[in-house]
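Down below is the structure, laid out as structure tokens.
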Amino acid sequence: MSNVTSIPNRPHHDAIVVGAGFAGLYMLHKLRELGLSAQCFEGGDSVGGTWYWNRYPGARCDVPSLEYSFSFSDELQQEWEWSERYPAQPEILRYLDHVADRFDLRREIHFNTWIQSARFDPDQGMWIVTTDTGETATARYCILATGALSAPRKPDFAGLDDFAGQWYHTGQWPHQPVDFTGQRVAVIGTGSSGIQVAPMIAAEAAELTVFQRTPNFSIPAWNQPLPRSVQDEWKKHYPRHRAAAKASRSGALYDYSQRSAFDMTAAERQAELDARWARGGANFTHCFNDMFRDKAANDIAADYVRNKIGSIVQDWDKAALLMPTDHAIGTKRICVDTDYYAMFNRPNVTLVDVRATPITRITTTGIATSAADHAFDSIVFATGYDAVTGSLTRIDIIGRSGVGLKDKWRDGPKSYLGIMVADYPNLFTITGPGSPSILTNVVMSIEQHVEWVADCLGTMARTGADLIEPELAAEDEWVAHVADIAAQTLHVQANSWYMGANVPGKPRVFLPYIGGLGTYTQICNEIARDGYRGFVIR
Ligand code: NA7
């Protein structure tokens, strides 16, 4: 890619792709199939996206390996061997490296390069992007494959610069292994990342202190080596399994109960919950079909998990602190763990309730709360992400009328189908806000989006069109629909990152589409079949 100082009359590329994780890699592959030239920009020095950055000990996907993988190439899904029920970060990264090599995608990726701005030039009908390395590139289409959980929330604690020890964010973990042996370590945050990293550190460090503001519900993973027979069976029936996953709510073959909690006897409910706990994983939250609409049904499952916490954690005060009571189970992202609750039985693990005694500052020697000073050698921030929108709004994106996307989204993201934004022609967001994205097995959602975008670009090429943009009315209608269906669930009552509640000042809007991947896919396909209803194509 050469530096472009003056903008040529025609685009340098047909498409610019931002990000080389699951979404960017598949997008590049599809663009090549369409015969379109593409340049991908990636901030890391290799592919992987979220799985490139999240290298913390214990990082593991909570969707089973056989499902959290591409389905677009049968050769790929047949040849790749998964080793565990749930894939650990290094294995996912190896898989994505393999995908990049197998489909020869690296030659179109510009690594170590962050996109700083993207501006649509209405006169030339092209996107002009600038990078942190001072380059400019132009393209007809700009495709943001920037990830939903890829903008880490920078720890905003006073005094951090004064800390004499080492500190880490789970989402920006060093490439070299970190040795906590003999150290006093703090973990701040008890979402999925904190719950995964803490038991690993507890096993290594002299002392671990977990700073918890809000307890989360966590279900055991019961992770294990993947039996040969299971892998073979899946590979034999992949087409059937994939079709079922794509038509499902979550893009994964969970066992969705068809029964209301109140159509079951107490004994049946207990048996259902026992079976789901024994099986482990996120499937637990699909135990009743009214789980997310009826608080009383949800309470039954939540009580079950609270009782489990009480039975695992020996110290009653700790157990009580670990029991979530402020939200319905599953309305904040459910966590899936290995030995998280049992870890609190170790003599070297302490739990600090920072809801009762907030962190006031980081000191040179550790962490000060309103109640005490704690000394540490290392601090691990597992404090999460500016989810779904953060990776988009940190780029200065300017549309046709000169309005920044950040300004347009001041009161919450507005997008048609989570794919395109009115006034931002030829700009596509893969798994953007208003699409099922993070509520699903995101690889299936990514494939659906990439294929829809590729079909759209193919149609445009065939018909000689070179500009597509959603109508404002279609966008408004979609945004209202996304909000309406979310309002029918308990999810909107939780202070979750789904709601933007974890980022101070972020508007409280339920970010993903909760109608399910299968339904969403049907809607997208109908819209395309209707001549891209709600879009203007020129
Ligand atoms: P999450 O789920 O957003 O968790 C972040 C945690 O950090 C959560 O427990 C927060 O408490 C806590 N937090 C954030 N800021 C603070 C401050 N200032 N003080 C104390 N505690 C704080 O992020 P994860 O990385 O764990 O997981 C993100 C997703 O990645 C996950 O859901 C999976 O989909 C994969 P809070 O709940 O806000 O009180």
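First listed ligand is number 1; within each ligand, the first listed atom is number 1.
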* Asked: Below 4.0 angstrom, N of the basic side chain to O of the carboxylate: do D411 and K414 qualify?
  ->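 A salt bridge is absent here (no side-chain N lies under 4.0 Å from a carboxylate O).
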Output all residues satisfying side chain to side chain donor-acceptor pair (under 3.5 Å) with [X], sequence neighbours left out; order by chain, then residue number.
| X | result |
| --- | --- |
| N345 | none |
| Y513 | none |
| T285 | none |

* Asked: In order of chain and number, which residues sit within 4.0 Å of ligand 1 by heavy atom?
  -> L149, R153, F157, I188, G189, T190, G191, S192, S193, R213, T214, K332, R333, V354, R355, A382, T383, G384, Y385, W497
* To do: Could you tell me whether a side-chain N or O of T113 sits under 3.5 Å from a main-chain N or O of G43, the two making a donor and an acceptor?
  => no
* Nearest 0.5 Å please: distance from the OG atom of S415 over to the CG atom of L427. => 9.5 Å
